[in-house]
Amino acid sequence: MFRPLVLDALAGHGLRPTPDTPVDLLRAQVNDLYRYEIRQLRSRLIAGDIAKASYAGAVRTLRLRYLLLSLPKDQWRSPAPPC
């Protein structure tokens, strides 16, 4: 079973795992979303849609939305109950 905090974070990215969804798959999907968004942000900087002075703040904001990536995969699931 996934931890409630992890489920909330995944839902924020449009992901709704089942109890048997592999953690590696979910982490890869979240990472792909992050990489897509960071590339879009960089493209907006290059296009002049974002001021260079605002770029670092935008990157920090984006990283906060993907804080789940900083949580080790073995902590995404709740501990198994003792036998």
Side-chain angles (χ1 to χ4, degrees):
M1 193 59 147
F2 288 96
R3 293 177 186 264
L5 180 70
V6 171
L7 288 174
D8 289 345
L10 291 170
H13 298 297
L15 300 170
R16 307 252 191 275
T18 62
D20 59 332
T21 303
V23 173
D24 288 334
L25 175 65
L26 290 169
R27 189 181 190 294
Q29 289 174 332
V30 173
N31 189 56
D32 287 347
L33 288 169
Y34 172 75
R35 290 174 50 180
Y36 173 79
E37 287 198 46
I38 197 77
R39 287 178 180 148
Q40 291 297 105
L41 193 59
R42 176 81 173 148
S43 294
R44 290 181 58 210
L45 172 68
I46 292 169
D49 295 338
I50 297 176
K52 192 171 187 176
S54 302
Y55 181 69
V59 169
R60 278 192 293 277
T61 300
L62 184 63
R63 285 183 180 166
L64 287 175
R65 287 189 20 227
Y66 286 90
L67 216 63
L68 184 58
L69 291 173
S70 66
L71 184 67
K73 293 184 297 183
D74 63 341
Q75 294 181 17
W76 284 35
R77 292 188 184 271
S78 298
C83 296

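Excluded from the calculations below are hydrogen atoms, water molecules and symmetry mates; all remaining heavy atoms, backbone and side chain alike, are included. Numbering starts at 1 and runs along the sequence shown.
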Legend entry - Inter- and intrachain pairs under salt bridge (charged side-chain N to carboxylate O under 4.0 Å, His left out), touching residues 52-72, at least two apart: Glu37-Arg65
Legend entry - ring pair (Phe, Tyr, Trp, His ring centres under 6.0 Å) contacts in which one or both residues fall within residues 2-40, not counting sequence neighbours: His13-Tyr66, Tyr34-Tyr66
Inset, instruction - Could you list the residues that satisfy side chain to side chain contact (heavy atoms under 4.5 Å, CB included) with Ile46, not counting sequence neighbours? - result: Arg42
Inset, instruction - Determine which pairs satisfy ring pair (Phe, Tyr, Trp, His ring centres under 6.0 Å) with at least one residue from residues 38-63, sequence neighbours left out, and list them in order. - result: none
Inset, instruction - Applying side chain to side chain contact (heavy atoms under 4.5 Å, CB included), name anything that partners Pro79, two or more places apart in sequence or on another chain. - result: Arg3
Would you tabulate the side-chain donor-acceptor contacts of residues 23-33 under 3.5 Å, counting partners in other chains and residues two or more places apart, or write 'none'?
{"residue": "Asp24", "atom": "OD1", "partner": "Lys73", "partner atom": "NZ", "Å": "2.5"}
{"residue": "Arg27", "atom": "NH2", "partner": "Leu69", "partner atom": "O", "Å": "3.2"}

Legend entry - Common cluster, Leu7/Leu71, ILVMFWY with side-chain heavy-atom separation under 4.5 Å: yes
Inset, instruction - Identify whether Leu68 and Leu62 are in the same connected component of the hydrophobic contact network (ILVMFWY, side-chain heavy atoms under 4.5 Å). - result: yes
Legend entry - Set of residues satisfying side chain to side chain contact (heavy atoms under 4.5 Å, CB included) with respect to Ser54, sequence neighbours excluded: Ile50, Ala51
Legend entry - Listed partners of Thr18 passing side chain to side chain donor-acceptor pair (under 3.5 Å), at least two apart: Asp20, Thr21
Inset, instruction - Please check if atom CZ in Arg77 has more than 12 non-hydrogen atoms from other residues, nucleotides or ligands closer than 6.0 Å. - result: yes
